[in-house]
Undergrad: 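Structure below; questions to follow.
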Amino acid sequence: MDGAIPLSADAASAASPLPEATPHDRLIEAATELFCRYGVNSVGVDLIVEAAGVAKTTLYRLFGSKEGLVEKVLEREGQLWRSWFLSEIDGPGGTAAERLQRIGPTLKSWFARENFYGCPFINAVGESDKNDNRMRDLAIAHKKVVLQRLSELCAEAGFDEPGETAHTFGLVIDGAIVAALITRQPSIADNATRACSAILSGLRG
């Protein structure tokens, strides 16, 4: 997991956190940008500490290992993404069905960002040893929080099997994320919007 890639001046600038941040935060910020953009396995410890402007011993003192830093990055990214995504769905209010219908437009706004690199959990699982459950467990814990809220909305909307329907919405979300990462086309989210409409139409069937 410690193979290194060259760090261009542009990449170094993008990955470098603010100098007044603590070493802990600087390492998290630098590692987040590098891991999300280049992949966990492509980024070595030397690259991370260079971008963060700290000593290698500081990384090991704070996180124990690169793997420990990876886990902290994923945990923080998961918290930030869930907070943003669920607030976009719930924030404007409305019926449960109206909130579920916001899934596609919310994803589209994310896909259009210059720094959209896909889901860090999907990416990390894809890179890791498929017999190693560490990344998979982190991804499942992240998804459970999202699915729980979707299940609540599905129950409120009147679906007979809200848990199963929430998983269907989850598949739409994951599929759209992967397709948008591959194609670099934010309009992929329009297909997610149509898929959500088709699921919701079952309530009126």
Undergrad: Tell me if a side-chain donor or acceptor on E98 pairs with a main-chain N or O of T95 at a distance below 3.5 Å.
TA: yes
Undergrad: Is there a side chain to side chain contact (heavy atoms under 4.5 Å, CB included) between L181 and F116 once you walk through the steps?
TA: CA-CA 8 Å; L181 177 63; F116 169 69; 4.3 Å; yes
Undergrad: Any side-chain to backbone donor/acceptor pair from T58 onto V54? Under 3.5 Å, distance only.
TA: no
Undergrad: Please give me the minimum heavy-atom distance between E77 and P120, naming the atom from each residue.
TA: CB-CG, 4.2 Å
Undergrad: Ignoring hydrogens, what is the shortest heavy-atom contact between A198 and S201? Give both atom names and the distance.
TA: O-OG, 2.5 Å
Undergrad: Quick check: closest heavy atoms across A97 and L200, and the distance to 0.1 Å?
TA: O-CD1, 3.7 Å
Undergrad: Applying the side-chain contact (heavy atoms from CB on, under 4.5 Å) test to F63, which of L27, I48, V73 qualifies?
TA: L27
Undergrad: Going by salt bridge (Lys or Arg N to Asp or Glu O under 4.0 Å), name the residues that satisfy it together with E161, two or more places apart in sequence or in a different chain.
TA: none
Undergrad: With a 4.0 Å cut-off, would you call E156 and R99 a salt bridge?
TA: no
Undergrad: I'd like to know if the side chain of R136 and the backbone of K130 have a donor-acceptor N/O pair within less than 3.5 Å.
TA: yes
Undergrad: Return the SG to CG distance between C36 and L74, rounded to the nearest 0.5 Å.
TA: 8.0 Å
Undergrad: Between the side chains of S197 and Q101, is a donor N or O closer than 3.5 angstrom to an acceptor N or O?
TA: yes
Undergrad: Short question: side chain of Q185, backbone of A180 - any donor-acceptor pair under 3.5 Å?
TA: no
Undergrad: Determine the minimum heavy-atom distance between A157 and A96, stating which atoms define it.
TA: N-CB, 3.7 Å
Undergrad: Do you reckon V125 sits in the same ILVMFWY cluster as V145, going by side-chain contacts under 4.5 Å, direct or chained?
TA: no
Undergrad: Output the distance between atom CG (N123) and atom CZ (R37), rounded to the nearest 0.5 Å.
TA: 14.5 Å
Undergrad: Has the side chain of N41 got a donor or acceptor atom that lies under 3.5 Å from a matching backbone atom of E127?
TA: yes
Undergrad: For the hydrophobic clusters of this structure (ILVMFWY residues joined by side-chain heavy atoms under 4.5 Å, transitively), does one cluster hold both F35 and L80?
TA: no
Undergrad: Can you tell me how far NE2 of H24 sits from CD of E29, rounded to the nearest 0.5 angstrom?
TA: 10.5 Å
Undergrad: So do I173 and L107 actually touch side chain to side chain, heavy atoms under 4.5 Å?
TA: yes
Undergrad: Can you confirm whether R102 sits close enough to P92 that some side-chain heavy atom of one is under 4.5 Å from a side-chain heavy atom of the other?
TA: yes
Undergrad: Give me each pair satisfying ring-ring contact (aromatic ring centres under 6.0 Å, His included) with a member in residues 122-147, each pair once, sequence neighbours excluded.
TA: W81-H142, F121-H142
Undergrad: Indicate yes or no: does D90 engage R149 in a salt bridge with an N to O separation below 4.0 Å.
TA: yes
Undergrad: Go through the steps for V49 and Y60 under the test side chain to side chain contact (heavy atoms under 4.5 Å, CB included), then give the verdict.
TA: CA-CA 10 Å; V49 297; Y60 291 122; over 6 Å; no
Undergrad: If you take all heavy atoms of A155 and P162, which pair is closest and at what distance?
TA: N-CB, 3.4 Å
Undergrad: Measure the CG-CD1 distance between N133 and I140 for me, rounded to the nearest 0.5 Å.
TA: 7.5 Å
Undergrad: Check whether any side-chain N or O of S151 sits under 3.5 Å from a backbone N or O of L147 as a donor-acceptor pair, and report yes or no.
TA: no
Undergrad: Checking salt bridge (Lys or Arg N to Asp or Glu O under 4.0 Å) for the pair E67/K72: CA distance, chi angles, key distance, verdict?
TA: CA-CA 9 Å; E67 288 76 12; K72 291 301 182 182; over 6 Å; no
Undergrad: Could you tell me if the side chain of I103 sits less than 4.5 Å from the side chain of L150, heavy atoms only?
TA: yes
Undergrad: Do you reckon M135 sits in the same ILVMFWY cluster as Y117, going by side-chain contacts under 4.5 Å, direct or chained?
TA: no
Undergrad: Should K143 and D174 count as an ion pair when the cut-off is N to O under 4.0 Å?
TA: yes
Undergrad: Under the side chain to side chain contact (heavy atoms under 4.5 Å, CB included) criterion, do F85 and W110 qualify, and how do the steps go?
TA: CA-CA 9 Å; F85 181 74; W110 181 35; over 6 Å; no
Undergrad: Main chain of T106, side chain of E88: is a donor-acceptor contact present, judged purely on distance under 3.5 Å?
TA: no
Undergrad: Please identify each residue that fulfils side-chain hydrogen bond (donor to acceptor under 3.5 Å, both in side chains) with Q148, with sequence neighbours left out.
TA: E152
Undergrad: Do you reckon W84 sits in the same ILVMFWY cluster as I89, going by side-chain contacts under 4.5 Å, direct or chained?
TA: yes
Undergrad: Assess the residue pair V172 and C196 against the criterion (side chain to side chain contact (heavy atoms under 4.5 Å, CB included)); give the C-alpha distance rounded to whole Å, side-chain angles, the decisive distance to 0.1 Å, and a yes or no.
TA: CA-CA 8 Å; V172 170; C196 291; 4.2 Å; yes
Undergrad: Indicate yes or no: at least one non-hydrogen side-chain atom of H167 is less than 4.5 angstrom from one of L171.
TA: no
Undergrad: Where do F169 and I199 come nearest, in terms of heavy atoms and distance?
TA: CZ-CG2, 3.6 Å
Undergrad: Would a 4.5 Å heavy-atom cut-off, applied to side chains only, mark I188 and I182 as touching?
TA: no
Undergrad: Quick one, P105 and T193 - any side-chain contact, counting heavy atoms below 4.5 Å?
TA: yes
Undergrad: Can you tell me if CG on D160 sees more than 12 non-hydrogen neighbours from other groups inside 6.0 Å?
TA: no
